[in-house]
> 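Dumping the structure here so I can ask a few things about it.
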Amino acid sequence: MASPYPKAINPSHTRIGWIGTGIMGAPMASRLLAAGYSLTVYNRTLEKALPLQSQGARVVTSPVEVARHSDVVFTIVGNSRDVRQVTLDPSGVLPGLNSGGVVVDMTTSHPALAREIFAAARAKGCWSVDAPVSGADTGAREGKLAIFAGGDGDVVAWLKPLFDIMGKATYMGEAGCGQSCKFANQITGSAVLVGLSEGLVFAEQAGLDLNKFLDAVRGGAAGSKLMELIGERMIRKDYRPTGYAEYLVKDLGMALDSLEETDEQRTVVVPGAALTKQLYCAMVANGDAKIGIHGVKTVIERINGK
């Protein structure tokens with residue numbers, strides 16, 4: 001591939017667009033501003049974009065306007081419907097993106113939609129990359145996100161200076177592969193959180209000091225990155241969101257649906273993921289859709305009469 005831009009990405013000449021300034025998007029965009037890049041920003045709720053404006057970002061009123069002022073546009077929004085709207089609608093990114101421009105979707109969305117966006121971008125002489133992330137709000141603030149990238153490998157390599165500011169990108173394959181990797185990540189991570197929740201509830205019922213329990217197991221085979229990130233929060237019952245429970249229900253639902261859509265040779269049975277989804281659905285039914293995904297511990301407590 002001939003690079004969309006002959007010059008390497010650099011704050012002096014690469015214009016960045018950013019759409020979505022929520023729990024993850026705002027700190028990620030802030031890191032790009034701190035690195036010296038000029039950002040044009042859009043968020044559906046204008047007030048949420050104002051802190052970035054105070055850091056020097058230009059705030060506009062539509063995705064298409066972001067695209068007109070950008071060489072690379074990042075999107076990180078709520079769900080697949082939002083991705084479709086901000087990218088493919090007449091007022092979206094692709095209609096306003098100049099030939100050779102790149103749109104990078106960091107939302108957890110459907111692999112089929114990623115492939116559709118890639119095809120639409122190529123038809124216009126542009127490029128798209130699906131690059132969902134993992135690492136929670138802490139990873140977003142500290143630039144330590146895991147980024148799963150799908151699309152053209154040369155484009156992903158060209159974007160490395162930007163990805164490096166936010167974390168570590170791994171090229172997973174063609175369009176949609178980044179999203180499939182995120183689904184596998186969500187299946188794995190949600191199972192870890194359920195296991196950690198059950199371990200904490202069991203340890204408490206057995207009369208153990210929960211902080212000592214964490215210290216005892218974190219260095220062994222049961223230790224995990226999630227335990228390090230939010231284990232102590234779970235003990236304190238601090239369920240402020242690092243990612244909303246309702247979004248994980250969405251992610252697991254898409255993962256299970258995408259498995260059903262594959263051909264018979266690629267179909268995978270994941271009973272643990274189906275059970276985990278039901279536990280997170282219980283969180284939503286209990287009125288906890290907007291608390292953190294580590295709040296699944298509350299479901300295990302309810303089951304045990306606490």
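Heavy atoms only: backbone and side chains are in, while hydrogens, waters and symmetry mates are out.
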> Could I get the full list of side chain to side chain donor-acceptor pair (under 3.5 Å) partners for Asn211, not counting sequence neighbours?
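Testing Asn211 for side chain to side chain donor-acceptor pair (under 3.5 Å), a comparison that skips the adjacent residues, returns none.
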> Please confirm whether the backbone N or O of Gly92 pairs with a side-chain atom of Asp89, one donor and one acceptor, at under 3.5 Å?
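Side chain of Asp89 to backbone of Gly92: no pair is present.
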> Could you give me the CA-CA distance, side-chain angles and deciding distance for Thr108 and Lys250, then say whether side chain to side chain contact (heavy atoms under 4.5 Å, CB included) is met?
CA-CA 9 Å; Thr108 302; Lys250 177 260 296 183; 4.0 Å; yes
> Do you know which of Val102, Val156, Leu97 makes side chain to side chain contact (heavy atoms under 4.5 Å, CB included) with Trp127?
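That would be Val102; it is the only one of Val102, Val156, Leu97 passing the side chain to side chain contact (heavy atoms under 4.5 Å, CB included) with Trp127.
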> Nearest heavy-atom pair of Leu145 and Ala136: which atoms, and what distance?
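That would be CD2-O, 3.7 Å.
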> Check whether any side-chain heavy atom of Val217 lies under 4.5 Å from a side-chain heavy atom of Met227, and answer yes or no.
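Yes, close enough: below the 4.5 Å cut-off.
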> Hydrophobic clustering (ILVMFWY, side-chain heavy atoms < 4.5 Å, transitive) - are Met24 and Leu50 grouped together?
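No: no chain of side-chain contacts under 4.5 Å links Leu50 to Met24.
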> For Arg122, look at atom CZ and say whether over 12 heavy atoms of other residues, nucleotides or ligands are found less than 6.0 Å away.
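Above 12, so yes.
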> Measuring only between side-chain heavy atoms, which start at C-beta, is Val133 closer than 4.5 Å to Met28?
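Heavy-atom side-chain distance check passes, below 4.5 Å.
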> Determine whether a donor-acceptor pair (N or O, by modelled atom type, separation under 3.5 Å) exists between the side chain of Thr45 and the backbone of Lys48.
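Not at all, since once roles are kept as given, no pair shorter than 3.5 Å links the two residues.
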> I need the Ile76 CD1 to Thr21 OG1 distance, nearest 0.5 Å.
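Nearest 0.5 Å value for the CD1-OG1 distance: 10.5 Å.
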> Decide if atom NZ of Lys144 counts as having more than 12 heavy atoms of other residues, nucleotides or ligands within a radius under 6.0 Å.
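It does not: Lys144 NZ has 12 such atoms or fewer within range.
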> Quick check: closest heavy atoms across Leu248 and Ser190, and the distance to 0.1 Å?
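So the two residues come closest at CD2-CB, 3.8 Å.
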> Quick one: OG1 on Thr276 to OH on Tyr280, what's the gap to the nearest 0.5 Å?
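Thr276 OG1 to Tyr280 OH: 7.5 Å, rounded to 0.5 Å.
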> Does any N or O in the side chain of Thr14 come within less than 3.5 Å of the main-chain N or O of Pro11, such that one atom is a donor and the other an acceptor?
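Between the backbone of Pro11 and the side chain of Thr14 there is no qualifying donor-acceptor contact (under 3.5 Å).
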> Measure the spacing between SG of Cys281 and CD of Glu246 and express it to the nearest 0.5 Å.
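Rounded to the nearest 0.5 Å, the SG-CD separation comes to 11.5 Å.
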> Transitively linked via ILVMFWY side-chain contacts under 4.5 Å: Ile16 with Ile9?
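In one cluster: yes.
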> Tell me whether Met172 is reachable from Met106 by hopping between hydrophobic residues (I, L, V, M, F, W, Y) whose side-chain heavy atoms are closer than 4.5 Å.
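Different clusters.
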> Run the side chain to side chain contact (heavy atoms under 4.5 Å, CB included) test on Val129 and Phe118 for me, step by step, so that the C-alpha distance in whole Å, both residues' side-chain angles and the decisive distance to 0.1 Å come before the verdict.
CA-CA 7 Å; Val129 171; Phe118 183 85; over 6 Å; no
> Nearest 0.5 Å, please: how far is OG in Ser224 from CG in Leu196?
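So the CG of Leu196 and the OG of Ser224 are separated by 6.5 Å.
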> Looking at Arg44, I'd like to know if its CZ atom is crowded, meaning that more than 12 non-hydrogen atoms belonging to other residues, nucleotides or ligands lie closer than 6.0 Å.
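Not more than 12 within 6.0 Å, no.
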> Indicate yes or no: at least one non-hydrogen side-chain atom of Thr242 is less than 4.5 angstrom from one of Arg233.
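The answer is yes, as the side chains (C-beta and beyond) meet within the 4.5 Å cut-off.
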> Are Val73 and Ser70 packed together at the side-chain level, in the sense that at least one heavy-atom pair is separated by less than 4.5 angstrom?
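Sidechains of Ser70 and Val73: in contact.
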> Apply the hydrophobic cluster definition, ILVMFWY joined by side-chain contacts under 4.5 Å directly or through others, and give me every member besides Tyr244.
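The other cluster members (ILVMFWY side chains, heavy atoms under 4.5 Å, direct or chained) are Ile23, Tyr247.
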> Please report the closest heavy-atom contact between Phe183 and Pro111, naming both atoms and the distance.
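Result for this residue pair: CE1-CD, 3.4 Å.
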> Would a hydrophobic clustering, with Ile, Leu, Val, Met, Phe, Trp and Tyr connected at side-chain separations under 4.5 Å, put Val64 with Val66?
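No, separate clusters.
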> Hey, is CD on Gln55 packed in by over 12 heavy atoms from elsewhere, all under 6.0 Å?
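Yes, the 6.0 Å shell around CD holds more than 12 heavy atoms from other groups.
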> Give me the one residue out of Gln85, His110, Gln179 that meets side chain to side chain contact (heavy atoms under 4.5 Å, CB included) with Ser80.
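Exactly one pass, corresponding to His110.
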> Whether the side chain of Ser30 engages the backbone of Ala26 through a donor-acceptor N/O pair (distance < 3.5 Å, no angle test) should be reported.
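It does not hold such a pair.
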> Under the 3.5 angstrom rule, does the side chain of Asp130 hit a backbone N or O of Ala175 as a donor-acceptor pair?
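No.
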> Taking Asn185 for its side chain and Cys181 for its backbone only, find out whether a donor-acceptor pair lies under 3.5 Å.
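No, the answer is negative, given that no donor and acceptor are paired below the 3.5 Å cut-off.
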> Return yes if some donor-acceptor pair links the side-chain N/O of Asp238 with the main-chain N/O of Arg240 below 3.5 Å, else return no.
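Here the side-chain-to-backbone pair exists.
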> Got a sec, which pairs hit ring-ring contact (aromatic ring centres under 6.0 Å, His included) with one end in residues 283-306, sequence neighbours left out?
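Listed once each, the pairs are Tyr239-His294.
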> Could you tell me whether the side chain of Asp288 and the main chain of Ile291 form a donor-acceptor pair under 3.5 Å?
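Such a contact is absent between Asp288 side chain and Ile291 backbone.
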> Tell me whether Val201 shares a hydrophobic cluster with Leu275, the cluster being built from Ile, Leu, Val, Met, Phe, Trp, Tyr side chains joined at under 4.5 Å.
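Cluster IDs for Val201 and Leu275 differ.
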> Is it the case that more than 12 heavy atoms not belonging to Lys168 sit under 6.0 Å from its NZ atom?
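Count not over threshold, so no.
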> Rounded at 0.5 Å granularity, tell me how far OG1 in Thr107 sits from CZ in Phe74.
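It is 12.0 Å, given to the nearest 0.5 Å.
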> Does the side chain of Asp105 come under 3.5 Å of the side chain of Thr75 through a donor N or O and an acceptor N or O?
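Result is yes, a qualifying pair exists.
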> Between Leu279 and Val299, which heavy-atom pair has the shortest distance, and what is it?
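For Leu279 versus Val299, the nearest heavy atoms are O-CG2, 3.6 Å.
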> When you measure from the side chain of Arg115 to the backbone of Ala119, do you find a donor-acceptor pair of N or O atoms at a distance under 3.5 Å?
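Side chain of Arg115 to backbone of Ala119: no pair is present.
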> Going by heavy atoms in the side chains, are Val59 and Tyr42 under 4.5 Å from each other?
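With C-beta onward as the side chain, the pair stays apart.
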> Under a 4.5 Å cut-off applied to non-hydrogen side-chain atoms, are Phe148 and Ser180 in contact?
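No, every pair of side-chain atoms sits at 4.5 Å or beyond.
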> Taking the basic N atoms (NZ, or NE/NH1/NH2) and the acidic carboxylate oxygens, is any pair closer than 4.0 Å for Lys237 and Glu301?
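A salt bridge links Lys237 with Glu301.
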> Measuring from atom CD of Glu228 to atom CG of Leu214, what distance do you get when rounded to the nearest 0.5 angstrom?
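So the gap between those two atoms works out to 8.5 Å.
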> Under the criterion side chain to side chain contact (heavy atoms under 4.5 Å, CB included), I'd like the reasoning laid out for Ser99 against Lys124: C-alpha separation, chi angles, the key distance, then a yes or no.
CA-CA 7 Å; Ser99 179; Lys124 193 185 173 183; over 6 Å; no
> State, with a plain yes or no, whether a side-chain heavy atom of Val83 is found less than 4.5 Å away from one of Ile117.
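SC-SC contact between Val83 and Ile117 confirmed.
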> For residues Ala57 and Val41, report the shortest heavy-atom separation together with the two atoms involved.
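Minimum heavy-atom contact is CB-CG2, 3.8 Å.
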> Decide, yes or no, whether a salt bridge links Glu116 with Arg84 under the criterion of side-chain N to carboxylate O below 4.0 Å.
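Answer for the salt bridge query: yes.
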> Which heavy atom in Met166 sits nearest to a heavy atom in Leu162, and how many Å separate them?
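Closest approach of Met166 to Leu162: CE-O, 3.5 Å.
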> Flag the pair Arg58 / Leu39 as yes when at least one side-chain heavy-atom distance between them is below 4.5 Å, and no otherwise.
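They are not in side-chain contact.
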> For side chain to side chain contact (heavy atoms under 4.5 Å, CB included), just list the numbers for Ile165 and Tyr37, CA-CA rounded to whole Å, side-chain angles, deciding distance to a tenth of an Å, and then say yes or no.
CA-CA 11 Å; Ile165 294 168; Tyr37 287 92; 3.6 Å; yes
> Would you say Trp18's side chain and Gly20's backbone share a donor-acceptor pair under 3.5 angstrom?
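Yes; judged by distance alone, with no hydrogens or angles, the pair exists.
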